[in-house]
Amino acid sequence: MTKRSAKDDPWAAALAVTTLKDAHEVLTKLMPSPHSAPAVLREYYLRSAQVYAHVAEVDRWHHHEALYWANRERLKGEAIVLPRKP
């Protein structure tokens, strides 16, 4: 399996950021419309939580702030309840 580049997968670029500022910038560009399907919004928030958690480990000057953002995004994603399939 080959590693996908940022060109192929925009989330690869998000997971490669090393500063909180860059995380905010990249995630803002990836944010779906507020009117998107619940599954799309949920996936965005949960994936952005992973990005912020990663940043918390590498941008030590912003460790606690990045942890805040990771928790905030995770909670927003988990609050979106997807409809059950019949």
Side-chain angles (χ1 to χ4, degrees):
M1 179 181 217
T2 60
K3 195 172 190 178
R4 293 180 69 174
S5 70
K7 199 177 240 184
D8 297 334
D9 180 10
W11 283 99
L15 288 168
V17 299
T18 58
T19 67
L20 183 59
K21 177 184 173 285
D22 290 343
H24 287 320
E25 186 176 309
V26 170
L27 291 171
T28 299
K29 293 176 184 174
L30 292 175
M31 181 177 278
S33 163
H35 305 293
S36 296
V40 171
L41 293 170
R42 179 179 168 86
E43 179 182 6
Y44 168 79
Y45 288 121
L46 295 178
R47 290 185 86 174
S48 64
Q50 292 175 329
V51 172
Y52 285 120
H54 164 72
V55 169
E57 297 305 315
V58 295
D59 183 359
R60 300 306 288 177
W61 287 102
H62 297 100
H63 175 74
H64 290 96
E65 187 177 359
L67 286 178
Y68 160 79
W69 281 98
N71 188 53
R72 177 184 182 269
E73 297 294 276
R74 182 184 53 77
L75 291 173
K76 285 179 83 168
E78 290 175 351
I80 299 172
V81 179
L82 300 178
R84 289 185 174 195
K85 295 180 182 179

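Side-chain atoms are counted along with the backbone in the values below, which use heavy atoms only and exclude waters and symmetry mates.
- Tyr45 pairs by the ring-ring contact (aromatic ring centres under 6.0 Å, His included) definition with nothing, not counting sequence neighbours.
- Among the candidates His24, Arg72, Arg74, His62, the single residue satisfying the side-chain hydrogen bond (donor to acceptor under 3.5 Å, both in side chains) test with Tyr52 is His24.
- For the side-chain hydrogen bond (donor to acceptor under 3.5 Å, both in side chains) test, no residue two or more places apart in sequence or in another chain qualifies with His54.
- Residues satisfying the salt bridge (Lys or Arg N to Asp or Glu O under 4.0 Å) test with Arg60, not counting sequence neighbours, are Glu57.
- Partners of Glu65 under the salt bridge (Lys or Arg N to Asp or Glu O under 4.0 Å) rule, at least two apart in sequence or in another chain, do not exist in this structure.
- Residues satisfying the side chain to side chain contact (heavy atoms under 4.5 Å, CB included) test with Val26, not counting sequence neighbours, are Ala14, Val17, Leu30.
- Not counting sequence neighbours, the partners of Glu25 by the side chain to side chain contact (heavy atoms under 4.5 Å, CB included) test are Lys21, Lys29.
- The side-chain hydrogen bond (donor to acceptor under 3.5 Å, both in side chains) test applied to Thr19 returns Asp22, not counting sequence neighbours.
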Could you pull out every donor-acceptor pair under 3.5 Å between side chains of residues 31-38 and any protein atom, sequence neighbours left out?
unit_1, atom_1, unit_2, atom_2, d
Ser33, OG, His35, N, 3.1
Ser36, OG, Ser33, N, 3.3
Ser36, OG, Ser33, O, 2.8

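- Contact between Ala70 and Ala49 at its shortest, heavy atoms only, is O-CB, 3.4 Å.
- Residues forming a ring-ring contact (aromatic ring centres under 6.0 Å, His included) with His63 (at least two apart in sequence, or on another chain): none.
- Cluster membership for Leu46 and Leu15, using ILVMFWY side-chain heavy atoms within less than 4.5 angstrom, is not shared.
- In this structure Leu75 satisfies the side chain to side chain contact (heavy atoms under 4.5 Å, CB included) test together with Asn71, Glu78, sequence neighbours excluded.
- Using a 4.5 Å cut-off between side-chain heavy atoms of Ile, Leu, Val, Met, Phe, Trp and Tyr, with links allowed through other members, Val58 and Tyr68 fall into different hydrophobic clusters.
- The distance from the CH2 atom of Trp61 to the CG atom of Leu20 is 14.5 Å, given to the nearest 0.5 Å.
- Not counting sequence neighbours, the partners of Arg47 by the side chain to side chain contact (heavy atoms under 4.5 Å, CB included) test are Asp9, Trp11, Glu43, Gln50.
- One hydrophobic cluster, built from ILVMFWY side chains closer than 4.5 Å, holds both Leu27 and Ile80.
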